[in-house]
Chemist: 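Questions regarding the structure given below will be posed in turn.
Keep in mind that this is a model prediction, so the values were computed, not measured. Naming convention: chains lettered A, B, ... in sequence-line order (proteins, then strands); numbering from 1 in each chain.
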Amino acid sequence: MDERVVAELRGVLGAAGVVADRTRVTPYEADGLAFARARPDLVLLPRDTQETAAAMCVLHAHAIPIVPRGAGTGLSGGATPVVGGVVMGTARMRRILELDAENRFARVQAGVVNADLTTAAARHGLFYAPDPSSQKACTIGGNVGENAGGPHCFRYGSTSRHVLGLVIVMPDGDVLDLSQPALDPHGYDLVGSFVGSEGLLGIATEITVRLLPVPAATETILALFPSLDSACDAVSDMIAARLEPSAIEILDKLTIEAVEASVLAAGYPKDAEAVLLVDVEGSDAEVAHLSREIGALLAARGAFEVRRARNPDDRARLWAGRKGAYGAMGRVAPDLYVCDAVVPRTKLRQLVAATIAICRARGLRIANVFHAGDGNLHPNIAYDRRNADELRRVLEAGDEILRVCLAAGGSLTGEHGIGLEKIGVMQDAFTPDDLTHQCRVRDAWDPSRRMNPGKLLPVHACREAHTRDPRGGRP
Amino acid sequence: MSSATILAPCSIEEAADAVRGLARERAVVVVTGGGTKRSWTRPAVRVDAEICTRALTGVVAYEPGDGVITALAGTPWRELEQLVARHGHHVSPSVPLAETATVGGVVAAGQSGLDRLRFGPVRDHVLGLRVVTADGSIAKSGGRLVKNVTGFDLQRLHTGAHGTLGLVAEVSLRLHAAPELRGVGLGFQPTLAAAITLARDVARASRMAWHVSVSNLGVRPGDSRWLVQVLVAGSAAGLESEVEALRRAHPELPWMLAQPGTDDETRVLGSWNALHMVECIDGSWPTLRATCAPSAVLRVCAVLDAITAERGIEARTTVQPGLGIVDAWIRDVDAPRVAVLSAALARVAARIHWRGLDDALRARTDLFGSATPVGLELMRRIRSNLDPEGLWACGRLAGGL
């Protein structure tokens with residue numbers, strides 16, 4: 001990058017806000033999609049909205065592409081850098097700016113870690129609902145970018161249902177302050193349409209989120225099943241019976257074995273083919289009633305053991321295997337390809353079976369840990385990225401899984417986003433007209449198309465891509 | 001083209017054909033449904049044609065085991081409610097005039113319901129849309145799944161846009177479990193402050209309250225009391241224990257639970273329906289809705305009280321303290337009264353919105369207060385990118401959108 005531009009950026013961000021050193025840039029070459037790597041020219045680390053805006057002005061003046069990044073825990077390559085561009089990280093924006101317990105909201109900088117917000121809210125009897133598996137590392141800003149989910153989104157919904165306001169720095173450096181919480185949008189819902197936009201529309205620097213009261217009682221139910229099929233059927237039955245716990249998760253045998261062989265051992269018996277975890281919340285009476293109904297349903301579906309826990313430590317032990325599943329999988333293989341697809345909840349069993357068949361046919365090991373209640377599958381394929389042929393088979397299996405899920409009425413992603421990873425299959429999910437509609441909205445926010453280029457929207461699929469002036473003007 | 005041109009397509013493809021035809025004639029088009037929220041927007045600056053969705057009806061997909069329903073825009077909301085109720089589901093929002101209100105209209109108007117406290121705003125329930133765009137193409141966003149982040153969330157952009165960004169032709173909605181039991185808490189409080197405190201405490205403590213409000217709508221002139229109304233619903237076990245806890249915490253609020261098939265059930269359902277009826281009186285009592293932080297409702301009410309007393313304006317008020325909504329029902333509205341009330345409330349509320357004004361007043365009045373929406377320039381760019389030729393009638397929403 002031109003040294004004069006670097007100097008300009010140092011002028012607005014200070015020396016600590018501009019990372020150019022080769023060794024220090026290396027960690028930013030990839031996010032959770034480990035096999036996709038690129039070296040950015042610079043990593044920029046502003047401390048607040050004003051610094052972000054000033055840096056964005058400089059980048060705008062020099063037409064430099066920008067890749068926003070939170071903690072880099074994303075699994076779809078949404079934060080994979082682009083060559084010739086910069087990474088704009090939120091790592092130095094970690095302040096909780098306001099926590100209004102009376103009106104139940106918090107205003108935070110984008111780099112605040114998800115779990116830290118819930119910790120801060122806990123002393124007011126409140127919590128922040130979206131709880132991705134990476135919640136001890138991932139940031140609220142990253143969650144906004146991806147519309148992140150998590151186990152308890154079964155009851156509470158994904159991030160977009162919890163975002164009340166945003167401060168957004170636009171691609172040209174303008175600041176859009178949509179932070180005043182309001183019941184309904186004034187004009188169009190800019191906040192709602194920004195959430196999940198994967199860094200293509202601008203950078204959120206401050207986020208106002210809804211906080212919820214901690215329920216009076218929570219019970220965790222752990223059920224052991226003799227087959228994955230019967231666990232899936234139990235979930236479909238729970239949905240059909242309109243039971244409303246707050247989380248419904250499934251772990252399969254390979255995951256159980258990995259967990260039990262690791263330091264995270266949760267005491268799951270190794271003869272179980274599947275573990276079903278359910279959280280039930282509410283008043284004592286409500287929890288007792290729902291727990292009874294769910295217990296009866298699980299038994300009818302063949303659960304051979306049901307464990308229950310109400311106090312936080314015991315609950316945490318039952319959840320330990322789920323929370324540690326991804327870490328434990330490190331024992332199975334050096335790398336893990338975490339697929340993310342959603343299927344209709346009436347078809348859980350057949351589609352989980354299909355993902356297993358697809359992997360086995362390619363000689364791959366698959367472990368399933370997933371948000372069963374939402375129909376959000378996470379087939380995890382163990383591999384070694386140094387083995388080129390294995391990586392090829394993994395990617396092929398990933399694509400095939402997505403196509404099978406789409407054909408059954410499912411979608412490409414429930415919470416990880418499209419990013420770089422799934423851009424090639426967007427045209428299987430959307431028609432050119434659908435994609436053109438999305439491109440037009442993106443062009444209103446970012447006529448220069450410098451924000452996270454090459455992610456989410458396959459440019460060649462947009463009808464106007466080749467006819468429009470890249471600076472946004474009409475031909 | 002005469003201003004009376006009304007097209008009523010029976011399928012999405014027919015709607016797209018109609019849009020293409022009108023675009024060729026460079027017509028300016030407004031989309032209508034059942035017309036129940038006509039007074040929520042200003043009259044358009046110019047309209048050459050109307051595309052009415054009333055013939056675009058039918059449920060496209062409903063698999064009860066998935067908890068999702070997909071319907072065409074003109075399907076009456078009541079039809080949806082009744083269909084899903086037969087399979088143990090509830091569809092939110094719970095809206096008044098549901099026989100006339102359409103699926104497309106509820107979504108396009110961003111109409112949240114009587115059940116908002118429990119289920120949230122309508123935009124949270126819209127899982128997917130098919131929209132006819134200004135060039136007559138059909139664009140899908142989202143899908144028929146309860147969880148899905150594939151592509152931009154354009155459902156939220158179209159929800160509440162009143163058809164100014166495209167014709168909402170098909171909607172997929174998330175469903176909820178229908179309640180086993182309903183109940184109602186009704187009690188008078190001597191002052192507004194006491195009523196609001198009670199209502200706010202109940203709203204904050206309850207997991208099963210669908211609606212909590214404070215109102216002096218039905219109170220006789222001279223009676224200064226305020227009615228606290230709480231509608232609760234859910235599983236029988238959960239509801240009974242919650243109402244018991246609320247009884248202990250607030251003995252001043254009497255409760256009635258509707259055991260199915262009893263007279264109590266008739267009375268409880270009567271209370272629920274009465275709240276819907278209230279929203280239907282807007283012909284003679286236009287409403288000024290002010291929204292604010294829940295902690296600010298009393299201040300908004302104080303300003304409202306002061307200005308109506310000072311100007312001799314007859315008004316009634318309904319407050320939802322859990323959400324931060326103050327609805328002022330105003331008698332004998334004219335343009336100066338609209339202006340003075342708007343100006344006073346805009347100073348203390350986050351937003352204001354007039355509903356129920358007649359055509360002449362709506363043409364002369366800013367229904368949304370004078371504040372320019374933040375991001376108006378961006379909204380205009382979105383609009384212009386989605387509708388470069390200006391097919392959809394403009395000037396109806398805040399900021400002239």
Chemist: Between A:L183, A:N147, A:L190, who has the most heavy-atom pairs with chain B when the cutoff is under 4.5 Å?
Modeler: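 Option with the greatest count: A:L183.
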Chemist: Check for a donor-acceptor pair, side chain of B:K140 on one end and backbone N or O of A:A429 on the other, with a separation under 3.5 Å.
Modeler: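 Side chain of B:K140 to backbone of A:A429, a donor-acceptor pair under 3.5 Å: yes, one is there.
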Chemist: Could you tell me whether B:H158 and A:H437 have their ring centroids closer than 6.0 angstrom?
Modeler: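 Yes, the ring centres sit under 6.0 Å apart.
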Chemist: Just so I understand: if I count every heavy-atom pair under 4.5 Å between each of B:T164, B:L397, B:V68 and chain A, which residue has the most?
Modeler: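 Of the options given, most contacts go to B:T164.
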Chemist: Sort A:L412 into side chain, backbone, both or neither according to what part of it lies under 4.5 angstrom from a heavy atom of chain B.
Modeler: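 The answer is both parts of A:L412.
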Chemist: Counting only heavy atoms closer than 4.5 Å, note whether B:T150 contacts chain A via side chain, backbone, both or neither.
Modeler: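 Both backbone and side chain.
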Chemist: Just by distance, no angles: are the side chains of B:D153 and A:S193 close enough, under 3.5 Å, to form a donor-acceptor pair?
Modeler: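 The criterion, which ignores hydrogens and geometry beyond distance, is not satisfied for A:S193 and B:D153.
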Chemist: Under a 4.5 Å heavy-atom cutoff, which of A:H289, A:E198, A:K347, A:K422 has the most pairs with chain B?
Modeler: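 Of the candidates given, the most pairs with chain B belong to A:H289.
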Chemist: Roughly how far, to the nearest 0.5 Å, is the OG1 atom of A:T436 from the CG atom of B:L386?
Modeler: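 Going from the CG atom of B:L386 to the OG1 atom of A:T436 covers 11.0 Å.
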Chemist: To the closest 0.5 Å, what do you measure between CG (B:D124) and OG (A:S160)?
Modeler: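 Going from CG on B:D124 over to OG on A:S160, the span is 7.0 Å.
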Chemist: For A:S283 and B:S241, test the side chains for any donor-to-acceptor distance below 3.5 angstrom and give the result as yes or no.
Modeler: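 Checked: A:S283/B:S241 side chains pair up, N/O donor to acceptor below 3.5 Å.
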Chemist: Just wondering, do B:D66 and A:I239 contact through their side chains at under 4.5 Å, heavy atoms?
Modeler: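 They are not in side-chain contact.
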Chemist: Of the backbone (N, CA, C, O) and the side chain (C-beta and beyond), which part of B:I325 lies under 4.5 Å from a heavy atom of chain A, both, or neither?
Modeler: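 For B:I325, side-chain heavy atoms alone lie under 4.5 Å from chain A.
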Chemist: Which atoms of A:E281 are under 4.5 Å from chain B, going by heavy atoms: the side chain, the backbone, both sets, or neither?
Modeler: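 For A:E281, heavy atoms of backbone and side chain both lie under 4.5 Å from chain B.
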Chemist: Regarding B:R289 and A:D184, does a basic nitrogen lie under 4.0 Å from an acidic carboxylate oxygen?
Modeler: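 No, this pair does not count.
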Chemist: Could you tell me which portion of A:E415 (side chain, backbone, both or neither) has an atom closer than 4.5 angstrom to a non-hydrogen atom of chain B?
Modeler: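 Backbone plus side chain of A:E415, per the 4.5 Å heavy-atom cut-off to chain B.
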Chemist: Highest number of heavy-atom pairs under 4.5 Å with chain A: which of B:G88, B:G324, B:G143?
Modeler: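 Most heavy-atom pairs within the cutoff with chain A belong to B:G88.
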Chemist: With a 3.5 Å distance limit and no angle check, can you tell me whether A:H186 reaches the backbone of B:A371 through a side-chain donor-acceptor pair?
Modeler: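 Looks like yes, one N/O pair under 3.5 Å.
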Chemist: Rounded to the nearest 0.5 Å, what separates atom CG in A:L435 from atom OG in B:S141?
Modeler: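 One gets 11.5 Å once the value is rounded to the nearest 0.5 Å.
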Chemist: Is chain B contacted by the side chain of A:I418, its backbone, both, or neither, given a heavy-atom distance below 4.5 Å?
Modeler: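 For A:I418, the side chain is the part near chain B, not the backbone.
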Chemist: Could you look at B:R174 and say if it's the side chain, the backbone, both or neither that has a heavy atom under 4.5 Å from chain A?
Modeler: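 It is the side chain, since no backbone atom gets that close.
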Chemist: Quick one: are A:P185 and B:R123 in side-chain contact, heavy atoms under 4.5 Å?
Modeler: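 In short, these two side chains touch, coming nearer than 4.5 Å.
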Chemist: Between A:E102 and B:R200, is there a side-chain heavy-atom distance shorter than 4.5 Å?
Modeler: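 Touching, per the 4.5 Å side-chain cut-off.
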Chemist: B:S295 versus chain A, heavy atoms under 4.5 Å apart: side chain, backbone, both or neither?
Modeler: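 Interface part for B:S295: both.
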Chemist: By a 4.5 Å heavy-atom criterion (distance strictly below it), what part of A:V195 contacts chain B: side chain, backbone, both, or neither?
Modeler: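 Contact with chain B is through the backbone of A:V195 alone.
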Chemist: Got a salt bridge between B:R207 and A:E286, using NZ or NE/NH1/NH2 to carboxylate O under 4.0 Å?
Modeler: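 Looking at A:E286 together with B:R207, the answer is yes, because their closest N to O distance falls below 4.0 Å.
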Chemist: So how far is it from B:F152 CZ to A:L456 CG, rounded to the nearest 0.5 Å?
Modeler: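 Going from the CZ atom of B:F152 to the CG atom of A:L456 covers 5.0 Å.
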Chemist: Using a 4.5 Å cut-off on heavy atoms from C-beta on, say whether the side chain of A:D189 contacts that of B:T159.
Modeler: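 Side chain of B:T159 against side chain of A:D189, heavy atoms only: no contact under 4.5 Å found.
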Chemist: Contact between B:E63 and A:P344 at the side-chain level, heavy atoms closer than 4.5 Å - yes or no?
Modeler: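 No, too far: nothing below the 4.5 Å cut-off.
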Chemist: Heavy-atom pairs under 4.5 Å with chain A are the metric here; pick the option from B:G151, B:G238, B:A161 that has the most.
Modeler: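 Heavy-atom pair counts peak at B:G151.
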Chemist: Within the structure provided, determine whether A:V441 and B:L157 are in side-chain contact (heavy-atom separation under 4.5 Å).
Modeler: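 Result yes, sub-4.5 Å side-chain heavy-atom pair found.
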Chemist: Where does A:V191 contact chain B at under 4.5 Å (heavy atoms): side chain, backbone, both or neither?
Modeler: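 Contact with chain B: none, neither part.
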Chemist: Can you check whether A:D433 reaches B:I138 side chain to side chain, under 4.5 Å on heavy atoms?
Modeler: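 They are not in side-chain contact.
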Chemist: So which part of A:L201 gets closer than 4.5 Å to some heavy atom of chain B, the side chain, the backbone, both or neither?
Modeler: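 A:L201 touches chain B through side-chain heavy atoms alone.
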Chemist: Considering only heavy atoms, which portion of A:L200 lies under 4.5 Å from any heavy atom of chain B: side chain, backbone, both, or neither?
Modeler: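 Just its side chain gets close to chain B.
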Chemist: At a 4.5 Å cut-off on heavy atoms, which part of A:Y188 comes close to chain B: side chain, backbone, both, or neither?
Modeler: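 Both parts, backbone and side chain.
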Chemist: With only heavy atoms counted, which part of B:H162 is less than 4.5 Å from chain A, the side chain, the backbone, both or neither?
Modeler: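 B:H162 has no heavy atom closer than 4.5 Å to chain A.
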Chemist: Could you check which of B:R130, B:R383, B:R204, B:R116 has the highest count of heavy-atom pairs closer than 4.5 Å to chain A?
Modeler: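 Highest number of heavy-atom pairs under 4.5 Å: B:R204.
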Chemist: Under a 4.5 Å cutoff for heavy-atom pairs, which residue among B:E244, B:E240, B:H87 has the most contacts with chain A?
Modeler: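 Of B:E244, B:E240, B:H87, B:H87 has the most heavy-atom pairs under 4.5 Å with chain A.
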Chemist: Of the backbone (N, CA, C, O) and the side chain (C-beta and beyond), which part of A:S197 lies under 4.5 Å from a heavy atom of chain B, both, or neither?
Modeler: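 Contact with chain B involves both backbone and side-chain atoms of A:S197.
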Chemist: Using non-hydrogen atoms only, which part of B:R380 is less than 4.5 Å away from chain A: side chain, backbone, both, or neither?
Modeler: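 For B:R380, there is no contact with chain A at all, as no heavy atom is under 4.5 Å.
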Chemist: If you count heavy-atom pairs under 4.5 Å with chain A, which of B:P294, B:S235, B:A296 comes out on top?
Modeler: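 Of B:P294, B:S235, B:A296, B:P294 has the most heavy-atom pairs under 4.5 Å with chain A.
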Chemist: Heavy-atom distance under 4.5 Å to chain A: side chain of B:L145, backbone, both or neither?
Modeler: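 Interface part for B:L145: side chain.
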Chemist: Considering only heavy atoms, which portion of B:V146 lies under 4.5 Å from any heavy atom of chain A: side chain, backbone, both, or neither?
Modeler: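 It is the side chain, since no backbone atom gets that close.
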Chemist: Side chains of B:I382 and A:R440: does their closest heavy-atom pair fall under 4.5 Å?
Modeler: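 No, their side chains stay 4.5 Å or more apart.
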Chemist: Quick one: does any side-chain atom of B:R156 pair with a main-chain N or O of A:G192 as donor and acceptor, under 3.5 Å?
Modeler: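 No; zero donor-acceptor contacts below 3.5 Å.
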Chemist: Might you confirm whether atom CZ of B:R299 has over 12 heavy atoms from other residues, nucleotides or ligands at distances under 6.0 Å?
Modeler: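 Open.
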